[in-house]
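A quick write-up on the structure given underneath.
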Amino acid sequence: MPNSVRVRFAPSPTGPLHIGGVRTALYNFLLARKLGGTFILRIEDTDQARFVPGAEDYILESLAWLGISPDEGIGIGGPHEPYRQSERKEIYKSYAQKLIESGKAYYAFDTSEELDAMRALFESKGSAFQYNAVTRVKLRNSLALPKKEVEQLLANNTPYVIRLKVPAKGEIRFQDVIRDWVHVHTSSIDDKVLMKSDGMPTYHLANVVDDHIMQISHVIRGEEWLPSAPLHILLYQAFGWTPPQFAHLPLLLKPEGNGKLSKRDADLGGFPVFPLEWKDPQTGAISKGFKQEGYLPEATVNFLAFLGWNPGTEQELFSLKDLIEAFSLERINKAGAKFDVKKAQWFNQQYLKQHGAKELAATYLPSLEAEKGEAYVHLFLDRITFPQDLLSMVEDFLAIPDSYDADVLASKWNSETKRALELLLEILPSCTSWHADDIKQTIQQRLETAGIKMGKVMQLFRVALSGKGAGPDLMISLELWGKDQVLARLRQALDKFPTLS
RNA sequence: GGUCCGUUCGUCUAGGGGUUAGGACACGUCCCUUUCACGGAUGAAACACGGGUUCGAUUCCCGUACGGACUACCA
């Protein structure tokens, strides 16, 4: 099956997985599932300096939480092990060597300091330094130095890097699935480092070699990679390989203003940009996670999927299964999408309501007996965004009021309503059945007999019992509080309400 | 600075040479409700600008503006 779809998500373990990365993983996963292909998880840990312990597990856990499960790679295994690039060091080395032998790449001995100095020099002259066809002849590399000297340097174990010999002239073109044809002149590409002096490959080499070896059919990645895509094409050409299809995804933008969504925006806006909570092992700083903030995985997936893609229909709610069904690369947008917390919350509400009261009660109100818990869920489900709101609502509901809504008091508290509340205090104990419907009937009848309109006193009654001018169904509230509690609260209110002159 | 990419309501977006430019979030109003929320209805709200091409351009082309990404021995 040489034409089968094989896609990969290839994050580097440098910290918590950014939500934009999660979306990239999602799209890769969706395409694979849609087309019956394989979704591979590969870890790009070729930067030893930026390695962060725990980051790889974090990636695994995040994907698992959202149901984006790889078919092959880290944590699963597969025909192309290992899937951690640091463990594939020798492979890249041999491929780099091939490029040296075929004259497509060369050794460069310039130190970082020398290059920094060179950049500073060019900058002072108002131009930008590029390691390319015109400058490389004057630099310390195997193309410019006499052969003997190069051999000497290598024999002395002088640190070196391997650079790609980018042709001076030519045009690179490739057809991006999302952006169509992209053209770039080789003159604007510099001789990128392929192998670093520590023996590790750079992203560019490792990614091309692995994608080829692992027979990746579609490279779906963020737009930030678009500028280096021509370089990758050049690499495929240097190896004589057929490049995969490229699809460069639009960026996730910050909610206010412009620019890439960053952790800073999250902290400022009080919303998460990471799937799971993350504690920085160095500083101990905690970054919020969607999960811990109360976002459901289905909501997170649905919200994320719609940032840059849409089905072309008016349906908004999509399960992972629905997404697989509807997904196509062609319907991905070109322009960046701003992250809208409000929309994310709306999705969460929608999915929250889809969960059964029994399940929500058991999960989020575990300290309550099942029947009671479910009753509370029914009472509050329409007014919460996050499941943990349930608990705070219940706590609030159960708390005896210590203050009363001043506005309602000012407009509704008078001798007539006072009489009504006192009457209620008399009526309530006579309720033989303490169920919402029966209580309502009793109250209705007795107030009517006394010539008092329900509408005139009910809000005040609510304030008397809860302290608040608004809230869930009052009769069901009464039932849940219980008769004794209601009477106690009513007495307290009558006692604490301001004296009428 | 250079290279590349982008631009439809405030936001996510549909659409695409002739449409009352559609939906969703948020917002306003109304209905439901003793209240709030939910729900329902409804309203306000957009084709960045300038040139072409065309009978006709928001749609195609070219510029301009604006925005963004990239520009490391990071990914």
Side-chain angles (χ1 to χ4, degrees), chain A residues 10-14 21 44-50 85 108 110-112 115-116 119 123 126-131 159-163 176 178-179 182-185 187-190 192-204 206-207 221-230 248 250-251 253 255-260 303 306-317 331 333-347 349 353 379-384 405 408 440 444 453-463 466 468-475:
Chain A
S12 45
T14 52
E44 312 226 329
D45 57 346
T46 54
D47 186 349
Q48 298 170 319
R50 292 208 307 159
Q85 292 188 325
D110 319 83
T111 63
S112 299
L115 292 174
D116 286 346
R119 281 187 199 99
E123 203 173 319
S127 61
F129 169 72
Q130 244 199 334
Y131 208 119
Y160 65 85
V161 299
I162 294 178
R163 285 180 182 272
D176 187 274
I178 296 167
R179 285 148 216 284
V182 177
H183 312 244
V184 180
H185 287 94
S187 61
S188 66
I189 302 171
D190 58 357
K192 279 273 160 6
V193 170
L194 263 23
M195 289 295 287
K196 302 183 256 187
S197 56
D198 65 0
M200 279 289 188
T202 57
Y203 168 83
H204 306 295
N207 139 273
R221 80 235 291 196
E223 191 187 329
E224 66 269 26
W225 291 109
L226 196 51
S228 49
H248 289 95
L251 257 18
L253 272 19
E256 306 281 339
N258 293 299
K260 219 163 145 179
F303 168 67
F306 269 63
L307 248 30
W309 173 88
N310 80 86
T313 65
E314 288 182 359
Q315 186 183 343
E316 299 276 337
L317 265 21
R331 292 203 65 89
N333 281 95
K334 294 188 210 322
K338 287 190 182 179
F339 185 92
D340 181 3
V341 203
K342 281 280 195 295
K343 191 95 177 217
Q345 293 178 347
W346 178 79
F347 274 115
Q349 269 173 16
K353 283 190 218 166
L379 194 61
F380 296 123
L381 190 55
D382 281 340
R383 34 212 339 129
I384 60 169
D405 187 299
V408 176
K440 185 174 182 178
Q444 219 159 16
K453 287 215 168 69
M454 278 268 280
K456 291 230 163 188
V457 290
M458 292 322 271
Q459 198 184 10
L460 189 69
F461 189 32
R462 171 188 297 284
V463 170
S466 72
K468 297 178 188 62
D473 188 282
L474 192 53
M475 295 306 147

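Proteins get letters first, then strands, A, B, ... in listed order; numbering begins at 1 in each. Please read these numbers as outputs of a predicted model, since none were measured by experiment.
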Under 4.0 Å, heavy atoms only, any strand: does A:L253 hit a base, just the sugar-phosphate, or nothing?
nothing

In this structure, which one of A:W309, A:W346, A:F339 forms a ring pair (Phe, Tyr, Trp, His ring centres under 6.0 Å) with A:F303?
A:F339

Select one nucleotide: of B:A24, B:A75, B:G1, the one nearest the side-chain heavy atoms of A:R50.
B:A75

Would you mind classifying the nucleic acid contact of A:K353 as base, sugar-phosphate or nothing, using non-hydrogen atoms under 4.0 angstrom?
sugar-phosphate

Under 4.0 Å, counting only non-hydrogen atoms across every strand here, what does A:V408 touch: a base, just sugar-phosphate, or nothing?
nothing

From B:A69, B:A75, B:C73, pick the nucleotide closest to the side chain of A:S197?
B:C73

Could you check whether atom NZ of A:K342 has more than 12 heavy atoms from other residues, nucleotides or ligands sitting under 6.0 Å from it?
no

Whole-Å distance between B:U11 C1' and A:F303 CZ?
10 Å

Carboxylate-amine/guanidinium proximity below 4.0 Å for A:R50 and A:D47:
yes

On a whole-Å scale, what distance lies between the C1' atoms belonging to B:C32 and B:G39?
8 Å

Rounded to whole angstroms, how far apart are CD on A:Q48 and C1' on B:C74?
13 Å

Who does B:A48 pair with, Watson-Crick or G-U, both distances under 3.5 Å?
B:U64

Counting side-chain heavy atoms from C-beta on, which of B:A26, B:U3, B:A75 comes nearest to A:S188?
B:U3

So, OP1 or OP2 of B:G15: does either fall under 4.0 Å of a side-chain N or O from A:R331?
yes

Nearest whole angstrom, please: distance from the P of B:A26 to the CD of A:E256.
16 Å

Is there a donor-acceptor contact under 3.5 Å linking the side chains of A:D110 and A:Y160?
no

Donor/acceptor link under 3.5 angstrom from A:K343 side chain onto base of B:A24:
yes

If pairing requires Watson-Crick or G-U wobble contacts with both distances under 3.5 Å, which nucleotide is the partner of B:A69?
B:U3

What interatomic distance, in whole Å, is found between C1' of B:A46 and the corresponding atom of B:G23?
14 Å

Between B:C31 and B:U13, how far apart are the two C1' atoms, rounded to whole Å?
29 Å

For the pair made of OH in A:Y160 and C1' in B:C73, what is the distance, rounded to whole Å?
13 Å

Atom P, compared across B:A26 and B:C38: separation rounded to whole Å:
8 Å

Which nucleotide, B:G1, B:U7, B:U34, lies nearest any side-chain atom of A:M458?
B:U34

I'd like to know if A:E223 pairs up with A:R179 as an ion pair, taking the criterion as any Lys NZ or Arg NE/NH1/NH2 lying under 4.0 Å from an Asp or Glu carboxylate oxygen.
yes

For A:G308, answer base if it contacts any base atom (sugar-phosphate contacts may also be present), sugar-phosphate if it contacts only those atoms, and nothing otherwise; contact means non-hydrogen atoms under 4.0 Å.
sugar-phosphate

Determine the Euclidean distance between corresponding C1' atoms of B:C47 and B:U35; express it in Å to zero decimal places.
43 Å

More 5' along RNA chain B: A:V161 or A:A337, using each one's nearest nucleotide?
A:A337

Between B:G51 and B:U58, how far apart are the C1' atoms? Round to whole Å, please.
16 Å

Any base atoms under 4.0 Å from A:G471, or only sugar-phosphate, or nothing? Heavy atoms, all strands.
base

Where the side chain of A:V184 is concerned, which of B:C70, B:G1, B:C4 is the nearest nucleotide?
B:C4

Ignoring hydrogens, what is the shortest heavy-atom contact between A:V408 and A:G469? Give both atom names and the distance.
CG2-CA, 4.0 Å

Categorize A:K468 for me: base, sugar-phosphate, or nothing, with a 4.0 angstrom heavy-atom threshold over every strand shown.
nothing

Any side-chain N or O of A:T46 under 4.0 Å from OP1/OP2 of B:C74?
no

A:K192/A:D190 ion pair, N-O < 4.0 Å:
yes

Mind calculating the distance between NZ (A:K342) and P (B:A24) to the nearest angstrom?
19 Å

When rounded to whole Å, the CG to P distance for the pair A:N310 and B:G22 reads 16 Å

Check whether more than 12 heavy atoms from other residues, nucleotides or ligands sit under 6.0 Å from atom CD of A:E123, and answer yes or no.
no

Taking N and O atoms by type only, does the side chain of A:R179 place a donor or acceptor under 3.5 Å from a partner on the base of B:C5?
no

What nucleic acid atoms does A:H183 come within less than 4.0 Å of, heavy atoms only: base, sugar-phosphate, or nothing?
sugar-phosphate

The Watson-Crick or G-U wobble partner of B:A24, with both key distances under 3.5 Å, is B:U11

d(NZ, A:K196; C1', B:A72) in whole Å:
10 Å

Looking across every strand, which nucleic acid part, if any, lies under 4.0 Å from A:D110 by heavy atom: base, sugar-phosphate, or nothing?
base

Rounded to whole angstroms, how far apart are CD on A:E223 and C1' on B:A75?
16 Å

If B:U34 has a Watson-Crick or G-U wobble mate with both distances under 3.5 Å, name it; if not, just say none.
none

Could you tell me how far B:A45 sits from B:G22 if I compare only their P atoms? Round to whole Å.
12 Å

Pairwise P distance, B:U64 and B:A21 [rounded to whole Å]
31 Å

